2 protein chains.
Amino acid sequence: MSSAAKDISPSAPKTARGARTRARILKAAEDTFGTLGYHRAGISDITRAAGVAQGTLYCYFSGKEEILRELVRDMGHKVRAHLAASVIGARDRLQAEELGLRAFLEYVSANPSLYRVLQEAQFVDEAIFREYYEAFGRGYMRMLADATRKGEVRPGNDEIRVWALMGLSNFLGLRFALWDQDHSFDEVVTTISDLFRNGLALDGKEKA
Amino acid sequence: MSSAAKDISPSAPKTARGARTRARILKAAEDTFGTLGYHRAGISDITRAAGVAQGTLYCYFSGKEEILRELVRDMGHKVRAHLAASVIGARDRLQAEELGLRAFLEYVSANPSLYRVLQEAQFVDEAIFREYYEAFGRGYMRMLADATRKGEVRPGNDEIRVWALMGLSNFLGLRFALWDQDHSFDEVVTTISDLFRNGLALDGKEKA
DNA sequence: AAGAAACCTGATTCAGTTGTCATATTGTGA
DNA sequence: TCACAATATGACAACTGAATCAGGTTTCTT
């Protein structure tokens with residue numbers, strides 16, 4: 001049920017009309033998955049939302065799973081782009097973390113469906129979920145290493161740190177952007193920034 | 001499809017035999033969900049693993065979802081107990097964080113199925129998933145507040161911090177206990193401890 | 001050992017789903 | 001305008017898996 005390179009997209013659209021239809025289906029799937037969840041969402045829910053017939057979906061996708069994969073890839077590109085743009089003016093790594101966290105929260109808030117889809121992908125196709133975070137992590141590690149070299153960040157095990165940071169953002173996004181916005185993003189960013197700058201302990205910077 | 005108090009367990013077992021069977025089913029469900037995932041796991045897979053007939057499952061549970069809920073509650077109790085026991089000898093909050101993180105990683109490593117089930121519950125019954133983390137978070141916040149009062153921890157927004165800390169543990173558990181144990185728990189704990197004690201910045205403890 | 005209560009069985013039902021395919025429509029280049 | 005390739009349709013065959021229930025088995029009590 002999950003051999004490696006099994007289902008290449010039945011065929012890429014060859015005209016602008018086809019491309020438009022494919023995109024409509026993808027958007028409808030995003031909304032439907034976001035509302036109903038992947039499993040509760042049926043093919044017919046997606047095609048109805050897209051305003052096409054059932055069969056049309058199979059012109060562009062081999063099935064539900066391939067749509068999910070496509071959406072996860074999409075989320076990857078979009079988040080990366082959004083975060084990359086957001087940290088452009090940062091004077092150092094710590095400020096980049098602040099800008100990045102805020103941008104992430106904003107992205108989640110603006111794209112709740114896509115975020116839910118990503119999380120749910122963990123249980124539908126774990127490989128693509130891991131791929132997302134491993135790719136994200138690689139980029140993040142490079143930035144931390146650079147910042148350490150520049151003396152902006154304490155040396156440390158960056159792989160572990162990166163997973164900690166991704167997890168932290170993940171939960172903050174879930175709680176404060178997706179579930180309830182009972183705290184401003186400012187508040188969240190300030191609190192986390194303080195953690196990064198000073199730690200949790202009242203008396204740090206001595207006994208390790 | 002999800003009215004509030006819909007399905008009370010059809011009936012609690014009234015003899016030791018019944019209790020045993022119920023427990024067998026629960027354990028089989030944990031294993032089956034852990035291996036196949038909630039959706040791919042069928043009732044027949046669970047009952048086969050438990051060595052009982054299909055119908056037997058319905059003597060003790062109203063269906064698949066109730067089993068999941070039961071398992072999440074289970075995970076809640078077990079994790080709490082394990083963590084509470086692990087931090088008993090801690091001299092301060094920071095050491096408690098170290099002990100707690102290690103205990104959490106050990107728990108995940110020893111109970112991968114239960115951990116997966118908890119994560120997947122997010123998409124099956126979001127309420128029980130939130131409940132788990134909100135309950136966990138409440139206890140955690142109390143401890144942080146105490147530690148702040150004692151002067152062990154910098155004052156700050158503890159709700160936000162707690163969600164950050166839970167997210168951090170969550171991802172570290174996923175990556176370093178569930179997926180690959182390519183780093184020792186010591187290494188993970190040390191790295192995170194350094195973050196808590198000193199932050200990420202090379203020069204903290206001044207400009208906020 | 002009889003009777004009752006609890007426990008267990010598993011073939012069957014049934015609501016729902018996916019993916020197919022023969023056919024229809026659209027639009028474009030010659 | 002005609003041909004034909006791409007695109008779209010939607011009824012339906014084939015399948016899935018949850019839940020049922022009429023009846024059998026075990027255990028306990030007296």
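Naming convention: chains lettered A, B, ... in sequence-line order (proteins, then strands); numbering from 1 in each chain. Worth saying up front: this structure is predicted, and the values here are computed from it rather than measured.
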How is [X] classified with respect to the nucleic acid when contacts are heavy atoms under 4.0 Å: base, sugar-phosphate, or nothing?
X: B:A19; value: nothing
X: A:G42; value: sugar-phosphate
X: B:T15; value: sugar-phosphate

> Would one find a side-chain N or O of B:Y60 under 4.0 angstrom from OP1 or OP2 of C:dC8?
Replying inline: yes
> So does B:T21 get a side-chain nitrogen or oxygen closer than 4.0 Å to the phosphate oxygens (OP1/OP2) of C:dC8?
Replying inline: yes
Side chain of [X] only, please: which of [options] is the nearest?
X: B:C59; options: D:dG10, C:dC8, D:dT20; value: C:dC8
X: B:K14; options: C:dT20, C:dC7, D:dA19; value: C:dC7
X: A:Q54; options: C:dA6, C:dG19, D:dT9; value: C:dG19
X: B:R17; options: D:dT26, C:dT20, D:dT7; value: D:dT26
X: A:K64; options: C:dA6, C:dT18, D:dA18; value: C:dT18

> Which residue lies toward the 5' end of DNA chain C, A:D45 or B:R24, if each is placed at its nearest nucleotide?
Replying inline: B:R24
>> On DNA chain C, does the nearest nucleotide to B:A16 precede the nearest nucleotide to A:I43 from the 5' side, or the other way round? Give the residue.
In response: B:A16
>> How many whole angstroms separate atom CG of B:L57 from atom P of C:dC7?
In response: 15 Å
>> Can you measure A:F61 atom CZ to D:dA8 atom P for me and round it to whole angstrom units?
In response: 12 Å
> Under the 6.0 Å and 45° cation-pi test, does A:K78 pair with A:Y107?
Replying inline: no
>> What I'd like to find out is whether the side chain of B:R69 reaches to under 4.5 Å of the side chain of B:E131, using heavy atoms alone.
In response: no
> If we only count heavy atoms from C-beta on, is the A:I67 to A:L26 side-chain gap below 4.5 Å?
Replying inline: yes
> What pair of heavy atoms forms the shortest contact from B:F33 to B:A41, and how long is it?
Replying inline: CD2-CB, 3.7 Å
>> For a quick check under 3.5 Å, do B:N111 and B:E30 share a side-chain donor-acceptor pair by atom type?
In response: no
